[in-house]
Amino acid sequence: MPTAEAPYRQIANDLTAKIKSGELKPGDKLPSTRELAEAYKVHMNTASRALSLLHDRELITGQPGRGTYVAERPA
């Protein structure tokens with residue numbers, strides 16, 4: 001019996017799809033962890049874990065005190 005995908009992976013995959021489709025462009029600011037948690041109806045830790053996964057995939061960059069942004073695509 002297949003198991004449901006972890007919520008943080010669902011969020012990360014959703015944001016990845018938006019980045020790859022161009023809906024979110026390089027330099028676009030992502031919602032805050034709190035805003036993501038509210039939008040996806042998950043705990044802030046889950047939203048934070050999703051952002052960590054996107055950072056590991058090098059799709060986003062964090063700017064301390066400013067927020068999280070879609071990373072520039074490598075040439």
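Every heavy atom of this structure was used, including side-chain atoms; hydrogens, water molecules and symmetry mates were not.
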Problem set entry | For the student: nearest non-hydrogen atoms of A47 and A37, plus distance | CB-N, 3.8 Å
Problem set entry | Q63, CD: over 12 other non-hydrogen atoms inside 6.0 angstrom | yes
For this session: Output the distance between atom NZ (K29) and atom OG1 (T68), rounded to the nearest 0.5 Å.
Result: 8.0 Å
For this session: Answer with yes or no whether the hydrophobic clustering places L53 together with L51; edges join I, L, V, M, F, W, Y residues whose side-chain heavy atoms lie under 4.5 Å apart.
Result: no
Exercise. Within the side chain of Q10, is there an N or O that forms a donor-acceptor pair under 3.5 Å with the backbone of P7?
Worked result: no
Problem set entry | Which atom of T46 lies closest to which atom of Y8, heavy atoms considered | O-CB, 3.5 Å
For this session: Is it possible for you to say whether Y69 and L36 belong to one hydrophobic cluster, with membership spreading through side-chain heavy-atom contacts below 4.5 Å?
Result: no
For this session: Keeping to residues at least two apart or across chains, list the salt bridge (charged side-chain N to carboxylate O under 4.0 Å, His left out) pairs with something in residues 5-28.
Result: D14-K18
Exercise. Is atom CZ of R57 surrounded by more than 12 heavy atoms (other residues, nucleotides or ligands) closer than 6.0 Å?
Worked result: yes
Seminar exercise, completed: Of T16, L30, L59, I60, the one forming a side chain to side chain contact (heavy atoms under 4.5 Å, CB included) with L24 is L30
Exercise. Which atom names give the shortest non-hydrogen contact between E72 and P26, and what distance separates them?
Worked result: OE1-CB, 3.6 Å
Problem set entry | Exam field: side chain S48 to backbone M44, donor-acceptor pair closer than 3.5 Å | no
